[in-house]
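First comes the structure, then the notes that go with it.
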Amino acid sequence: MRHVVLFHSVYGLRPAVRAAADRLRAAGHQVTTPDLYGVPAADTVEEGFALLDKIGHEVVLDRARAALAAPPPQAVLAGFSMGAGVAGALLAERPDAAGLLLLHGTGGAPDAVRPGLPVQLHVADPDPYDAPEEVDEWQRTMTAAGADLTVFRYPGVGHLFTDPDLSEYAPEAAAAAWPRVLAFLADA
């Protein structure tokens with residue numbers, strides 16, 4: 001089984017992130033869920049962006065780096081939305097990562113991908129933060145860089161469709177996503 005470092009969305013460390021971690025733990029994985037904000041989670045996306053602006057991207061990345069000090073170098077980097085971007089941003093610093101699991105947003109740059117790196121993306125189609133053509137371009141560049149990439153697009157759902165506490169929750173899409181996530185972690 002894998003060690004997974006799961007980074008939260010712009011909302012902060014919400015119950016849905018903890019529930020996702022529990023789901024992965026129930027499948028036998030070790031999961032670390034760092035709080036990149038250090039304050040209670042936001043109730044709205046606008047409040048979340050305000051928190052991110054107040055705390056700052058560099059502080060968030062520094063906290064994410066600190067959270068990676070204990071897990072093994074082969075940990076899977078994972079994240080929800082903004083957290084997917086954080087996971088992807090740290091990939092270059094974790095060349096032995098077992099995989100990159102991206103939920104609700106792209107992350108990672110082609111120059112950080114080692115050949116064969118398992119990468120899985122789950123994204124709304126269309127997504128308000130990652131337009132389909134942007135996802136297509138990201139997919140092309142990551143594949144060209146050698147990533148073993150699988151992209152799952154979920155038509156007609158909201159951005160954070162796996163979060164049952166948000167209005168954009170889509171139970172059927174979430175039910176489809178979680179078995180795919182678990183299969184990815186089993187194979188990574």
Side-chain angles (χ1 to χ4, degrees), residues 1-42 45 48 51-52 54-109 112-114 116-123 142 147-150 152 159-166 174 177-188:
M1 292 303 169
R2 292 284 172 205
H3 194 119
V4 180
V5 182
L6 182 60
F7 298 109
H8 61 72
S9 75
V10 76
Y11 280 89
L13 189 55
R14 297 173 47 79
V17 177
R18 290 186 176 99
D22 288 344
R23 180 187 300 263
L24 301 180
R25 287 183 189 109
H29 303 288
Q30 288 183 279
V31 184
T32 301
T33 53
D35 184 349
L36 303 177
Y37 288 173
V39 297
V45 71
L51 277 175
L52 177 59
K54 180 179 177 182
I55 294 164
H57 286 279
E58 286 307 311
V59 170
V60 165
L61 287 173
D62 287 344
R63 289 176 178 173
R65 283 184 187 99
L68 291 174
Q74 302 82 13
V76 172
L77 302 177
F80 291 97
S81 188
M82 176 201 81
V86 169
L90 296 179
L91 183 61
E93 300 171 27
R94 301 287 287 203
D96 295 328
L100 183 62
L101 174 61
L102 307 169
L103 298 148
H104 316 293
T106 59
V113 172
R114 71 172 188 276
L117 176 73
V119 180
Q120 189 177 79
L121 169 66
H122 299 264
V123 65
M142 292 294 278
D148 180 8
L149 175 63
T150 305
F152 294 102
H159 177 65
L160 284 170
F161 62 86
T162 62
D163 189 329
D165 297 325
L166 297 176
W178 288 115
R180 293 168 173 165
V181 166
L182 293 175
F184 172 78
L185 292 176
D187 292 341

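Heads up: numbering here begins at 1 and tracks the sequence. Note that the structure is predicted; figures quoted are calculated from it, not measured.
Rounding to the nearest 0.5 Å gives a distance of 13.5 Å between OH of Y11 and CG of L52. Between atom CG of residue L149 and atom CG of residue L100 there is a gap of 9.5 Å, rounded to the nearest 0.5 Å. Rounding to the nearest 0.5 Å places CG of L6 at 12.0 Å from NE2 of H29. R114 contributes atom CZ, which lies 8.0 Å from atom CG of L91 (distance to the nearest 0.5 angstrom).
Put simply, the side chain of R63 never gets that close to the backbone of P34: no donor and acceptor are under 3.5 Å apart. Remark: side-chain polar atoms of Y37 are not paired, donor with acceptor, to backbone N or O of V60 under 3.5 angstrom. In this structure a side-chain-to-backbone donor-acceptor pair under 3.5 Å is missing from R14 to A41. A distance-only check finds a donor-acceptor pair linking the side chain of R2 to the backbone of A188 [under 3.5 Å].
The shortest non-hydrogen separation linking L51 to A42 is CD1-CB, 4.0 Å. Nearest approach of L13 to V17, heavy atoms of both residues: CD1-CG1, 3.7 Å.
When side chains are defined from C-beta on, F184 does not count as touching T150, because their heavy atoms never get closer than 4.5 Å. Between D165 and P15 there is a side-chain heavy-atom pair separated by less than 4.5 Å. When side chains are defined from C-beta on, L182 counts as touching L24, because their heavy atoms get closer than 4.5 Å.
There is no side-chain donor-acceptor pair under 3.5 Å between T33 and H8.
Residue Q120 forms a side-chain contact (heavy atoms from CB on, under 4.5 Å) with just one option from D148, L102, V181, and that option is V181.
Under the rule for a ring-ring contact (aromatic ring centres under 6.0 Å, His included), the partners of F161 that lie at least two apart in sequence or sit in another chain are H104, Y154. In this structure R94 satisfies the side chain to side chain donor-acceptor pair (under 3.5 Å) test with no other residue, sequence neighbours excluded.
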Side-chain donor-acceptor pairs under 3.5 Å in residues 68-90, sequence neighbours left out?
{"residue": "S81", "atom": "OG", "partner": "H159", "partner atom": "NE2", "Å": "2.6"}

task: Might you work through the side chain to side chain contact (heavy atoms under 4.5 Å, CB included) test for T162 and W178, ending with a clear yes or no?
output: CA-CA 9 Å; T162 62; W178 288 115; 4.2 Å; yes

